[in-house]
Amino acid sequence: MLKEYISRPDLGGGIPFSGNDLNPIGNGVYDNTSQDDLTILNNRAGENDHFTRLLAGPVFHGVERILRHIKKPVPSDPENQAAENNLFHYSDSHLISAIDIAGTAIASMTPLVSIIILYFVQNLGYRLAILCACTFAFSVCLALVTKARRIEVFACTAAFASVQVVFVGSTSNSR
């Protein structure tokens with residue numbers, strides 16, 4: 001059952017194992033002979049939204065391939081530091097902190113960017129089109145970066161759109 005979970009993303013797994021020690025020629029980690037040896041020790045803390053899963057999954061594994069050339073592996077034998085090892089340690093708390101910072105940056109920049117763009121556009125038709133596009137982008141970001149329910153996404157998007165409409169109405173008369 002654990003083998004099924006680890007190998008299938010639709011069940012919540014999809015954890016890629018790579019390296020010669022995990023998949024040697026002729027005897028892979030998923031073979032029936034080593035199936036009982038697999039275990040998951042700890043569940044990852046933090047949010048479990050689409051954004052977090054994207055950054056902690058495929059994006060992290062892509063960046064990790066680059067970091068392997070920079071970062072030093074963890075020694076497998078503390079007494080023998082010169083021993084060859086292919087094991088790298090990445091702190092979950094650092095990864096979750098970086099994801100939280102990225103989410104906060106997106107949350108703060110989306111409204112600001114839309115207001116700045118709307119300030120510099122003169123044509124009212126273009127401003128309304130930009131307002132629609134920014135509202136759509138805001139709702140998509142809100143749905144992907146948070147675990148908000150649909151009603152919460154709808155309420156926040158309506159509030160965001162109303163602020164933008166007031167901004168467009170007040171600045172189009174004064175310009």
A.B. asks: With a 4.5 Å limit on heavy-atom distance, are the side chains of T171 and L118 in contact?
C.D. replies: no
A.B. asks: Group every Ile, Leu, Val, Met, Phe, Trp and Tyr by side-chain heavy-atom contacts under 4.5 Å, then state whether I106 and F60 land in the same group.
C.D. replies: yes
A.B. asks: Nearest heavy-atom pair of C141 and T110: which atoms, and what distance?
C.D. replies: SG-OG1, 4.3 Å
A.B. asks: Kindly give the heavy-atom pair with the smallest separation between I130 and V121, and that separation in Å.
C.D. replies: CD1-CG2, 3.5 Å
A.B. asks: What residues form a side-chain contact (heavy atoms from CB on, under 4.5 Å) with S93, not counting sequence neighbours?
C.D. replies: S91
A.B. asks: Quick check: do L124 and V168 have side-chain heavy atoms less than 4.5 Å from each other?
C.D. replies: yes
A.B. asks: In Å and rounded to the nearest 0.5 Å, what is the CD to OG1 distance from Q164 to T135?
C.D. replies: 4.0 Å
A.B. asks: So, does S170 use its side chain to make a donor-acceptor pair with the main chain of F167 at under 3.5 Å?
C.D. replies: yes
A.B. asks: Nearest 0.5 Å, please: how far is CZ in R127 from CD in Q122?
C.D. replies: 7.0 Å
A.B. asks: Would V163 and V113 show up in the same hydrophobic cluster when neighbours are defined by side-chain heavy atoms closer than 4.5 Å?
C.D. replies: no
A.B. asks: Output side-chain donor-acceptor pairs under 3.5 Å for residues 150-160, partner residues at least two apart or in another chain, one line each.
C.D. replies:
residue: E152; atom: OE1; partner: R149; partner atom: N; Å: 2.8
residue: T157; atom: OG1; partner: V153; partner atom: O; Å: 2.7

A.B. asks: Working to the nearest 0.5 angstrom, can you tell me the gap between T52 OG1 and L95 CG?
C.D. replies: 9.0 Å
A.B. asks: Working to the nearest 0.5 angstrom, can you tell me the gap between I116 CD1 and L112 CG?
C.D. replies: 6.0 Å
A.B. asks: Please tell me whether Y126 and Y119 are part of a single hydrophobic cluster in this structure, the criterion being side-chain heavy atoms less than 4.5 Å apart.
C.D. replies: yes
A.B. asks: I'd like to know whether L55 forms a side-chain contact (heavy atoms from CB on, under 4.5 Å) with F51, so could you lay out the CA-CA distance, the side-chain angles of the two residues, the decisive distance to 0.1 Å, and finally the verdict.
C.D. replies: CA-CA 6 Å; L55 290 184; F51 184 69; 3.3 Å; yes
A.B. asks: According to a hydrophobic-cluster definition based on side-chain heavy atoms being under 4.5 Å apart (Ile, Leu, Val, Met, Phe, Trp, Tyr only), do I115 and F120 belong together?
C.D. replies: yes
A.B. asks: Write out all pairs satisfying side-chain hydrogen bond (donor to acceptor under 3.5 Å, both in side chains) with one or both partners inside residues 136-145, taking only residues at least two apart or from two chains.
C.D. replies: none
A.B. asks: Kindly compute the distance separating CG (L128) from CG (N123), expressed to the nearest 0.5 Å.
C.D. replies: 9.0 Å
A.B. asks: To the closest 0.5 Å, what do you measure between CD1 (I66) and NE2 (H69)?
C.D. replies: 8.0 Å
A.B. asks: Are F138 and V140 grouped together when hydrophobic residues (ILVMFWY) are joined by side-chain heavy atoms under 4.5 angstrom apart?
C.D. replies: no
